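Notes for the one structure printed next.
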Amino acid sequence: MTITATNPYLKGNFAPVRKEITSDTLEVIGHLPPELSGMFVRNGPNPQHSPIGQYHWFDGDGMLHGVRISDGKATYCNRYVRTTGWKIEKQAGKAIWTGLLEPQQTKVPHGISKNTANTALVWHAGQLLALWEGGAPYVIKLPDLKTVGEYTYHGQLTSAFTAHPKIDPIIGEMMFFGYSFEPPYLQYSIVSAEGKLVRTVPINLPMGVMMHDFAITENYTIFMDLPLTFSAKRAQRGKSPIMFERDRPSRFGIVPRYGDNSSIYWFESPSCYVFHTFNAYEEEDEVVLIACRMSSTNVLINKDTQLDPEGDIPRLHRWRFNLTDGTVREEMLDDVPAEFPRVNENFLGQKTRYGYAARMAGSSEPLVDGIIKYDLSNGKSQTHEFGEGCYGGEAVFVPRPGSTVEDDGWLITFVHDQSSKTSEMIVVNAQEMTTEPVARVLIPQRVPYGFHGTWVSEEQL
Ligand SMILES: [Fe+2]
């Protein structure tokens, strides 16, 4: 069965674009700050062919949209991540792999799943990696967004690679994990600042779970063993192999950065799901985690009915894990639905005062209608609204070069106007959230709604 445009993720601004373009002179409304020099790159799904069976938003082939900014001018290009699967399907002229909502294929000669590299990006040790949590990263060349190829740390990579690795801003080393539905269910790795994969250890879990993100502090790494579980037995009975088991608790594992399974300490709290963490830090006897918590999720399950009225609604929460007495305190920090949290990554793992997240519009599809700036010191927030009929995505915080003030910088995201069907990249002064963007860069073609982006500074380029 070939799916038609009845799927909401193949319509409107979720629909893929067909052309890869390069545009050297973009119109700018307002002024690009002269200190803002580098490249904003965002990843997201853009299916090359009509999908086989049901399409899930997470299934599409990765496409990168990049805006290079220099001397107050901007250029744009968009390119597919030319993964192995993308090339095979390009040659075939049609889709070969099914997606998340269809039974897993066992007879595809090229492997049971396609690494789409569609989720996120990280710049580390002098290279840009496009990430997908089920497989290896792909190296991307800048500024032309050419795919160099799959990257396995010279064969040292023994697991999948999360879309959300964490870089210690002081030391420069990168922590990542890979999860699997077969033992070992979780592996935890460290890459040195120079880019050498120096350490991989298994972490024991009772069963396979979907683990999208984690967090670091100065001395600890925090894993989230949440009850979105995988069971082959369920699949054999014709049910969805992935299920949210609301009777199982949430488990948070805190391990010293260079620790292993013998030094991890697990905390339990009521069942929930978290796609993304904001940040984590240490305070006296506690490790503090801030993340967007949902009381349950059907996001990855082939089921339209969400029995939990609060299910799939992400809200900012804080957990305090006391390493001395073993207690957990969990509290909601804001009741406004928000996702795609980001901080000034120069302060990752330290106590941050500010955080930024995408405000969810409350629509049936995950539309984002503004950027919230939280002040965690007083519980207040300010919102930059995109305006009537305009929706965006994750906002990436770009620190002003040389500044040590946490919120001194800009927030960058793509925004789409659903009435004019045009897209732009906006630059918002993070200290003046409620004023107009300092610059709006008009993009000559539609930029579909997507996932995560990153900023690569002039220095890094
Ligand atoms: Fe993510």
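Read the numbers this way: they start at 1 and go in the same order the structure lists the ligands and their atoms. These figures come from a predicted structure and were not determined experimentally.
- For the pair Lys380 and Tyr374, the NZ or CZ position fails the cation-pi test of under 6.0 Å to the six-membered ring centre and within 45 degrees of the ring normal.
- The atom of His276 that is an N, O or S and sits closest to the Fe ion (ligand 1) is NE2.
- To the nearest 10 degrees, the angle centred on the Fe ion (ligand 1) between NE2 in His212 and NE2 in His164 reads 90°.
- A donor-acceptor pair under 3.5 Å links the side-chain atoms of Asp213 to the main chain of Thr277, judged by distance alone.
- Closest to the Fe ion (ligand 1) among the N, O or S atoms of His452 is NE2.
- You'll find the ring centres of His416 and Tyr391 outside the 6.0 Å limit.
- Between the side chain of Arg246 and the backbone N or O of Ser271, no donor-acceptor pair lies under 3.5 Å.
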